[in-house]
Amino acid sequence: MISPVRVRYAPSPTGLPHVGNIRTAFFNWLLARHTCGQFIVRIEDTDVARTVPGATEGILEGLKWLGIDWDEGPNNGGDFGPYFQSQRLDIYQKMAQQLISQGQAYYCHCSSQRLEQMRAAQIADKKPTGYDRHCRDAELDYTKGAVIRFKMPLDGSTSFNDSIRGKVTFENANLDDFVLLKSDGYPTYHLANIVDDNLMRISHVLRAEEWLSSTPKHILLYAAFGYPAPVFAHLPIILGSDRSKLSKRHGAVSILDYKEQGYLPETMINFLALLGWALDDKSEIFSREELIQNFSLERISQTSAIFNKEKLDWMNGVYIRKLPLPEFARLSLPFLENGLPSNVKRPLNTNYVEKVLPLVQERVKTLSETATAEISGFFFGENIEYDTSLLIDKKIGYQKTLDILQIARAKLDELETFEAPALELLLRNLIEEIGVKAGQLFGTLRTAVTGLTATPPLFQTMEVLGKNISLRRIDEAISKLGNYLPTEL
């Protein structure tokens, strides 16, 4: 392995960072940290027409949320910012001119109209599309609107060794004379990427599989400049669970969407690592330190990675259950503040929240779920809505259900200490007295005080709700049953 390892993450600010893009950043970062190398962030913002406002900020926010730090860049008040290619245009223009002077590039004056007609004719004739080298031997000088193209070899082949895929070979005849410098003076990805990787001494290029077909162009550019080529590793594509291209229908695709939905950064880096990399065939939960320690290019798969949303949810639940309660409360509070109904009094009482959260921590898979009606809504709302029929246990019927609720209500009213141990003792003794099964009494009470049939442990739930609210809701359940029409029985 080349030492020292220097890698880069070079996104284009054409949108928010999606899962595949951030996976590439993370694998580069892991290689750097595993080898005590350096990780650089470079914003490739030379495609002005496709640049999206706010995209750069979103990219950097995603990296920072995941704890993917970088090691160098322009110093901005003590903090390293990323490199921006738009601030280095004179470098690329100079290098493009060098290739022209070497006879390895040329000015192309073809209009967009001519190029469109050429492409349409190639498609009509069922020929491969690509530039027809109309200007290659014309020895044209620069005029306004011209681009600079690279002179590809007309025969032979270009090979390189990919660290993941082994030896890869492309026939040069199938590669066209691609554009290096556009008519607006901005470089294409091909030129800027090669020049910067050399100037920044990048030793390894880990990037998406889609760039594999561009690599022979890059190999030839390195040679034309006299640059040493880096080690290439093209990462496997990420597919949806149905093995089609990953898209929004498979779930959120921006890494920031997952942040907003309440996934933990520890979950996301663990999950991202397993999209194409594995330590063995059974290990699934890894800390950041374990990933750094075990990461290697040799363990990256050639086959496509499958994005499994169900596995992501399961994994996030695992990490949530590991959180110390104060940390779980700190992370959950913004989701509760933003997610609970507007009629819930704000700001939330943090002491009360800290009593609720231990009861739901085992049940949630995302932090946003803490604010849902099914998980915690009944703890915060004044009124609860539910179908009266849910109160009635079918095995004991309407009248018996009403009777046991009334008896339980009277017994609960006598309790001086409305705490879980006292509640459990009283209600379990009551089971013997009235001759019903535990599930029948507890199920009816659970629906009465929460409006749901599945909740956190009943006794702890009633303790947190408190005596007044619990008894009021049982009274409302008794009233509901009293008003239940015979036709509904």
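The first residue of the sequence shown is numbered 1, and numbering continues consecutively from there.
Relative to the ring axis of Tyr386, Lys480 places its NZ or CZ within 45° and under 6.0 Å from the centre. In this structure, Arg330 is not positioned above the aromatic face of Phe328 in the sense of NZ or CZ being under 6.0 Å from the six-membered ring centre and within 45° of the axis.
Thr215 contributes atom OG1, which lies 3.0 Å from atom NE2 of His234 (distance to the nearest 0.5 angstrom). The OG1 atom of Thr24 sits 5.0 Å away from atom CG of Leu235, with the distance rounded to the nearest 0.5 Å.
Counted by atom type alone, Tyr83 and Glu72 present one or more donor-acceptor pairs between their side chains at under 3.5 Å.
Proximity of a side-chain donor or acceptor of Thr372 to a complementary backbone N or O of Ser368 within less than 3.5 Å is not detected.
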So Asn270 and Tyr319, side-chain contact (heavy atoms from CB on, under 4.5 Å) or not? Walk me through it. CA-CA 10 Å; Asn270 191 157; Tyr319 276 95; 2.6 Å; yes
Leu274 and Met315: CA distance, side-chain angles, deciding distance, side-chain contact (heavy atoms from CB on, under 4.5 Å) verdict: CA-CA 12 Å; Leu274 299 180; Met315 188 176 287; 4.0 Å; yes
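Applying the side chain to side chain donor-acceptor pair (under 3.5 Å) criterion to Ser86, with sequence neighbours excluded, gives Asp45.
A salt bridge between Glu369 and Lys365 is absent, with no side-chain N of the basic residue lying under 4.0 Å from a carboxylate O of the acidic one.
Surrounding CG of Asp280 are more than 12 heavy atoms belonging to other residues, nucleotides or ligands, all under 6.0 Å away.
Across all their heavy atoms, Leu212 and Arg165 have their closest contact at CD2-CD, 4.1 Å. Smallest separation of non-hydrogen atoms from Asp71 and Gly37: OD2-O, 4.0 Å.
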